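Everything on this sheet refers to the single structure shown next.
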Amino acid sequence: MKPKPIHLRNLFTKFLKSPNFSTLIRKPHHYQPISSSSSSSSSTSLLKTNSSKPFFKPNDNINLLCKEKKFKEAIAILCNQKRLKESIQILESLHHSETKNIPFATIYSSLLQLCFDLRDLKLAKRIHDLINKTSAFVPGVFISNRLLDLYSKCGCLISARNAFDEMCERDICSWNTMISGYAKAGKLEEAYGLFEKMPERDNFSWSTMISGYVRRDRPREALNLFRSMQGKTNVKCNKFTVSSALAAISALPCRRFGKEIHGHILRTGLDSDTVVWSVLSDMYAKCGSLDEARYVFDRMLDRDVVTWTAMIGRYFEEKRWNEGFELFVEMLKSGIKPNDFTFAAVLNACSSQALEDVGRQVHGYMVRIASDPLSFAASALVHMYCKCGNIETAIRVFEGMSQPDLVSWTSLIAGYAQHGQPEKALSYFELMLKAGLKPDHVTFIGVLSACTHAGLVDKGLEYFHSITEKHGLTHTGNHYACVIDLLSRSGRFQEAEDIIDSMPMKPDKFLWASLLGGCKSFGNLKLAKRAAEVLFEIEPGNAATYVTLANIYASAGIWDEVASIRKTMDDRGVVKKPGSSWIKVYRQVHVFLVGDESHPRTKEIYDFLEDLSRRMKEEGYVPKTDYVLHDVEEEQKEQNLSYHSEKLAIAFGVIATPPGTPIKVFKNLRTCGDCHSAIKFISKIVAREITVRDSSRFHCFKDGKCSCGDFW
DNA sequence: GTAGGGTTAG
């Protein structure tokens, strides 16, 4: 999961030296969203205050214009000021009049445009009524199409279809608009039904259908459509059809088809379009060829923020962190202003790499350029601070948001769960409900994991049942995985098995892995075997399963089985991911592997650990040697344990920093039981606060105790 | 009237 952290060292120096970051604010700041634009808020208040008044403000020249029968001008002014209701009032006064020469088409067109900007379905219906009532006006196809579009954009496909069916004259736009409405709503069968009936089809019709299929995760059908379009002589590929086809290929994914279209793009000169290039580059990335994606990216003449963000994001997805961060810095240098998508991508990379420094600078940068803070960038900030172990700043950011969205609440709840503060997590969940937000399936993962980390089994079960019974959601596979985790960590295996047997879906690997983990804690060999066997089938290449099962056998002293598992691993070429831990001291990241002797201060570290070991034993520490897989003598086992990567990192932290400095260590795997108990002793002996973030949560050791209360 | 990027946990 984790990268080779050794690279981070270079990243940091490069990143921190970067001119763009040297002037950044170093202290964390409140990230405050800008208040919503004044124009829209004033328009709504205007609508509200004016709705009951018969006519216009006395000082307005609207009255005058109306008197002079200059209705078009009057409505143009009103529309400009977004005074929609007043416009409608004028029209209502006109619809039964005999007035000739009123340019109704222009008037209704601007009115529909405004209505469209406001996405107001009620008003759309009123305008529609008005049009029908206006005897002096028969709507042309243009107005009808606008109405059609308005209905479908407002999500009212039934009204749209009624309007479509009522049209006495339809052009290709009418058909396309209706199809697009269906396709965007995911009603592909309806869309295709109309598509087939169309008298003629243009580029628009094809690309709408193709992207409709892509969006609904049906890339094969999308591509088939594209193929049949290519067979038609009357339609040529344009940038839209090509982009939709590329998106279909990315979803398959199939690099060979992509190459084909790449050639086509070059031949037809479509390569001058930014979006086409961007999709092309992204296609290569999604087909697993990141370097080709970069090749295309590097040859783009005009790279906008979307293109940069996509490329950066792909690097992060492939866990090529350095290249992603470097590209981000390059983007800043080239003068492109990142947007919330960019920030979210970068901040999430910081989260998973625990790069709080970088994240904090990005935060500073966000504040400085005051980017339009959509809440998902803010929620990425909350997530980042949580993941970096700085829940205090996470909560400050959260409280600085005027209206935190569901993702931010969820991040915070999950953050508290990870930090072993379940009561806080659950109280934020209750606060969220009070604030009127509806939790989604992810929120409940946070809630359930809070219960799991705290051993609140019955409370967790209660929440689990509330998902369907109280909140009207459906249980996902992840919810089941959480509840199995909850039960098996407390040794309630019978209930866990009952739930597994009654699940409506096939249990996934996370669920079996949780169960296996629980079996390890309780030495449940029989169930462990069942879980491991399934896991071997689902993901035969995952070393963790072999190691865990072997550890369970080792604890029970069944060494034959241990040896046989090790042999299977060798036969299948499964390699155990080495544990590594890292710690930052004076802006330098120091990485340690198990038994690592490559650090310049290795001798001091090992001497210190030996000394520590003696003092720990005096305090009553007993090495838990069952965490050592190998079938070796007790003394050797103890040695193996002493040099786990997190111990090396902690030891280095202690000798390299002044007394009393808190120590923060990150580990790529879960910390073992022996290290957990040893670190408790260490925190007391050296009188330091030691935080360890392992792959599943935070442990804050202080004065011989851990924040997780030994339950994790 | 059509095409491209992001998030929450395990």
Side-chain angles (χ1 to χ4, degrees), chain A residues 145-146 148-149 152-153 171-181 183-184 202-212 214-215 238-248 250 270 273-283 285 304-314 316-317 338-348 351 374-384 386-387 405-415 417-418 439-450 452 476-482 484-485 508-511 513-514 517 695-697:
Chain A
N145 287 349
R146 294 230 65 143
L148 206 59
D149 192 37
S152 71
K153 292 261 162 61
D171 65 1
I172 196 160
C173 279
S174 328
W175 288 91
N176 283 342
T177 307
M178 197 62 236
I179 291 174
S180 163
K184 286 217 170 107
D202 63 1
N203 273 316
F204 185 105
S205 334
W206 287 98
S207 63
T208 305
M209 273 318 300
I210 297 170
S211 58
V214 174
R215 239 177 266 140
N238 69 353
K239 55 183 180 175
F240 294 111
T241 50
V242 154
S243 312
S244 319
L246 282 172
S250 309
L270 288 169
D273 186 80
T274 312
V275 177
V276 171
W277 264 116
S278 190
V279 185
L280 184 67
S281 167
D282 211 40
M283 180 277 295
D304 62 5
V305 59
V306 179
T307 315
W308 281 95
T309 307
M311 191 69 230
I312 292 168
R314 291 286 104 77
F316 290 146
E317 238 164 59
N339 65 13
D340 288 276
F341 287 92
T342 329
F343 287 132
V346 173
L347 287 171
N348 285 313
S351 308
L374 294 177
S375 51
F376 67 69
S379 62
L381 268 177
V382 175
H383 178 58
M384 184 274 294
C386 282
K387 281 275 186 186
D405 67 348
L406 183 62
V407 177
S408 305
W409 282 98
T410 303
S411 298
L412 199 68
I413 291 165
Q418 240 203 348
D440 70 355
H441 62 109
V442 186
T443 318
F444 279 107
I445 293 168
V447 171
L448 291 176
S449 79
T452 304
T476 66
N478 287 326
H479 293 149
Y480 281 103
C482 284
I484 296 303
D485 198 19
D508 65 3
K509 59 180 180 180
F510 299 111
L511 184 147
S514 297
S695 60
S696 99
R697 61 167 291 159

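Naming: A, B, ... by sequence-line order, numbering from 1 per chain. Here the structure is a predicted model, which is why all the values come from computation and not from measurement.
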Closest to the [X] side chain: [options]?
X: A:Ser211; options: B:dT7, B:dA3, B:dG5; answer: B:dA3
X: A:Asp273; options: B:dT2, B:dG4, B:dA3; answer: B:dA3
X: A:Ala310; options: B:dG5, B:dA9, B:dG10; answer: B:dG5
X: A:Ser180; options: B:dG10, B:dG5, B:dT2; answer: B:dT2
X: A:Ser514; options: B:dT8, B:dG5, B:dG10; answer: B:dG10
X: A:Thr274; options: B:dA3, B:dT7, B:dG4; answer: B:dG4
X: A:Ser244; options: B:dA3, B:dT8, B:dT2; answer: B:dA3
X: A:Thr309; options: B:dA9, B:dG5, B:dT7; answer: B:dG5
X: A:Asn348; options: B:dT8, B:dA3, B:dA9; answer: B:dT8

Can a side chain N or O of [X] be found less than 4.0 Å away from OP1 or OP2 on [N]?
X: A:Ser243; N: B:dG4; result: no
X: A:Arg697; N: B:dA9; result: no
X: A:Lys239; N: B:dG4; result: no
X: A:His383; N: B:dT7; result: no

What integer distance in Å separates [X]:[atom1] from [N]:[atom2]?
X: A:Ile484; N: B:dG10; atom1: CD1; atom2: P; answer: 16 Å
X: A:Phe240; N: B:dT2; atom1: CZ; atom2: C1'; answer: 5 Å
X: A:Asp282; N: B:dG5; atom1: CG; atom2: C1'; answer: 7 Å
X: A:Met311; N: B:dG4; atom1: CE; atom2: P; answer: 18 Å
X: A:Leu246; N: B:dG5; atom1: CG; atom2: C1'; answer: 15 Å
X: A:Arg314; N: B:dG4; atom1: CZ; atom2: P; answer: 13 Å
X: A:Arg215; N: B:dG5; atom1: CZ; atom2: C1'; answer: 15 Å
X: A:Met283; N: B:dG5; atom1: CE; atom2: C1'; answer: 17 Å

Looking across every strand, which nucleic acid part, if any, lies under 4.0 Å from [X] by heavy atom: base, sugar-phosphate, or nothing?
X: A:Asn478; result: base
X: A:Ser207; result: base
X: A:Val306; result: base
X: A:Asp202; result: base
X: A:Ala414; result: sugar-phosphate

Looking only at atom types and distance, does a side-chain atom of A:Asn203 sit under 3.5 Å from a main-chain N or O of A:Trp206, one as donor and one as acceptor? no
Are the side chain of A:Asn348 and the backbone of A:Ala344 linked by a donor-acceptor contact shorter than 3.5 Å? yes
Looking just at side-chain N and O atoms, do A:Ser211 and A:Ser244 make a donor-acceptor pair shorter than 3.5 Å? no
A:Ser207 and A:Thr241 side chains, donor-acceptor separation under 3.5 Å: no
So, under a plain 3.5 Å distance rule, would you say the side chain of A:Asp485 forms a donor-acceptor pair with the base of B:dG10? no
Look at the side chain of A:Thr307 and the base of B:dG4, then say whether one donor and one acceptor between them are separated by less than 3.5 Å. yes
For the side chain to side chain contact (heavy atoms under 4.5 Å, CB included) test, which of A:Leu246, A:Val275, A:Asp273 pairs with A:Leu280? A:Leu246
From A:Ile445 CD1 over to A:His479 NE2, what is the distance, rounded to the nearest 0.5 angstrom? 5.0 Å
Just verifying a value: how many Å separate A:Leu448 CG and A:Ile484 CD1, rounded to the nearest 0.5 Å? 11.5 Å
